Amino acid sequence: MSESQVWDAVDAYFTDHLSPDDEVTSAALRDSDAAELPPISVTAAQGKLLQLLAEIQGARAILEIGTLGGYSTIWLARALPADGRLITLEYSPKHAEVAARNIARAGLDKQVEVRVGPALESLPLLADENPPPFDLVFIDADKVNNPHYLEWALKLTRAGSLIVLDNVVRGGRIVDAASDADDVRGTRAAIELIGSHPRLSGTAVQTVGAKGYDGFALARVLA
């Protein structure tokens, strides 16, 4: 087998034994495909990681920036207690409509609110509501705005909150300081902000498997 085939096989083995899709998550992926949404959802293994992080965190309030078809939303919301809440922000009305159906089928629509519109417009409105601090923020939207999303996440969290930033490797292009690609520039700015901000302690992990060569950053908000 080629190296990438080995990665895929290992990923499939771990997923089969540790985080298999069930009827609800499988249906969410099928409906997203049928609606021709981009095939860029997190994998089942990554979804389970998000759920575990939220459970370890004891999260009662979660903010997601970038909903797509609601697949990652479902994994995250499953970690919430009965009185927990998740707000997810989605730019595309079409994507939000698919996500809302998937979330309702999962029985999570009482805990999850999908807000439609550009996140950089939705976030100030959310802040104006003065919500209780979010315990976990998952950022998986347009990469050029990653540093702005990170700054808003800091405003909407508390000491001890977690921030997860997805897709930070960009196929290895993240190391190209001369790149003029928006996704690389935005992600580099976010990584450097995590590394330099006095209220953040973070790391990043490279991953291989069903999503190819990728990775995520994890940061904890400090006092």
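Just so we're clear, the structure is a prediction, and the values are computed from it rather than from any experiment.
Between Arg170 and Asp176 there is no salt bridge, since no side-chain nitrogen of the basic residue lies less than 4.0 Å from a carboxylate oxygen of the acidic one. Looking at Lys155 and Glu151, no side-chain N of the basic residue comes within less than 4.0 Å of a carboxylate O on the acidic one, giving no salt bridge. A salt bridge between Arg60 and Asp135 is absent, with no side-chain N of the basic residue lying under 4.0 Å from a carboxylate O of the acidic one.
For Asp31, the salt bridge (charged side-chain N to carboxylate O under 4.0 Å, His left out) partners at least two apart in sequence or on another chain are Arg105. Residues satisfying the salt bridge (charged side-chain N to carboxylate O under 4.0 Å, His left out) test with Asp182, not counting sequence neighbours, are Arg185. Scanning for side chain to side chain donor-acceptor pair (under 3.5 Å) contacts around Arg78 gives Asp22, with sequence neighbours left out. The side chain to side chain donor-acceptor pair (under 3.5 Å) test applied to Trp152 returns no partner, not counting sequence neighbours.
The two residues Asp166 and Gly215 have their closest heavy-atom pair at OD1-O, 3.7 Å. The two atoms that bring Val112 and Ala77 nearest to each other are CG2-CB, 3.7 Å, heavy atoms only. Summarising the geometry of Ile191 relative to Ala217, their closest heavy-atom pair is CD1-CB, 3.9 Å, with the distance given to 0.1 Å.
Using a 4.5 Å heavy-atom cutoff, the side chains of Thr73 and Phe138 are not in contact.
Between the CZ atom in Phe134 and the CZ atom in Arg85 there is a gap of 4.5 Å [rounded to 0.5 Å]. Here the CD-CD1 distance, from Glu90 to Ile65, works out to 12.0 Å after rounding to the nearest 0.5 Å.
Both Leu123 and Val221 are members of a single hydrophobic cluster when ILVMFWY side chains are connected at heavy-atom separations under 4.5 Å. Ile139 and Leu218 are members of different hydrophobic clusters when ILVMFWY side chains are connected at heavy-atom separations under 4.5 Å. Residue Val164 is not grouped with residue Val168 when hydrophobic side chains (ILVMFWY) are merged at heavy-atom distances under 4.5 angstrom, including chains of intermediate members. The cluster map of Ile, Leu, Val, Met, Phe, Trp and Tyr, joined by side-chain heavy atoms under 4.5 Å apart, puts Tyr91 and Val98 in different clusters. By the criterion of side-chain heavy atoms lying less than 4.5 angstrom apart, applied directly or through intervening Ile, Leu, Val, Met, Phe, Trp or Tyr residues, Ile194 is grouped together with Ile163 in one hydrophobic cluster.
The number of heavy atoms from other shown groups lying within 6.0 Å of CD (Gln5) is above 12. Heavy atoms of other residues, nucleotides or ligands lying less than 6.0 angstrom from CD of Glu36 number 12 at most.
Ring planes of His17 and Tyr13: tilted class, angle from 30 to 60°.
A side-chain contact (heavy atoms from CB on, under 4.5 Å) with Val114 is found for one member of Ile87, Leu89, Thr88, Leu86 and no other, namely Thr88. Across Leu63, Ile56, Leu76, Thr157, a single residue satisfies side-chain contact (heavy atoms from CB on, under 4.5 Å) together with Leu136, and that is Leu76.
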Under 3.5 Å, which donor-acceptor pairs do the side chains of residues 47-55 form with other protein atoms, sequence neighbours left out?
unit_1 : atom_1 : unit_2 : atom_2 : d
Lys48  : NZ     : Leu18  : O      : 3.1
Gln51  : NE2    : Glu55  : OE2    : 3.0

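For residues 204-223, the set of pairs meeting the salt bridge (charged side-chain N to carboxylate O under 4.0 Å, His left out) definition, not counting sequence neighbours, is empty.
Listed for the Gln46 side chain is a donor-acceptor partner under 3.5 Å among the backbone atoms of Thr43.
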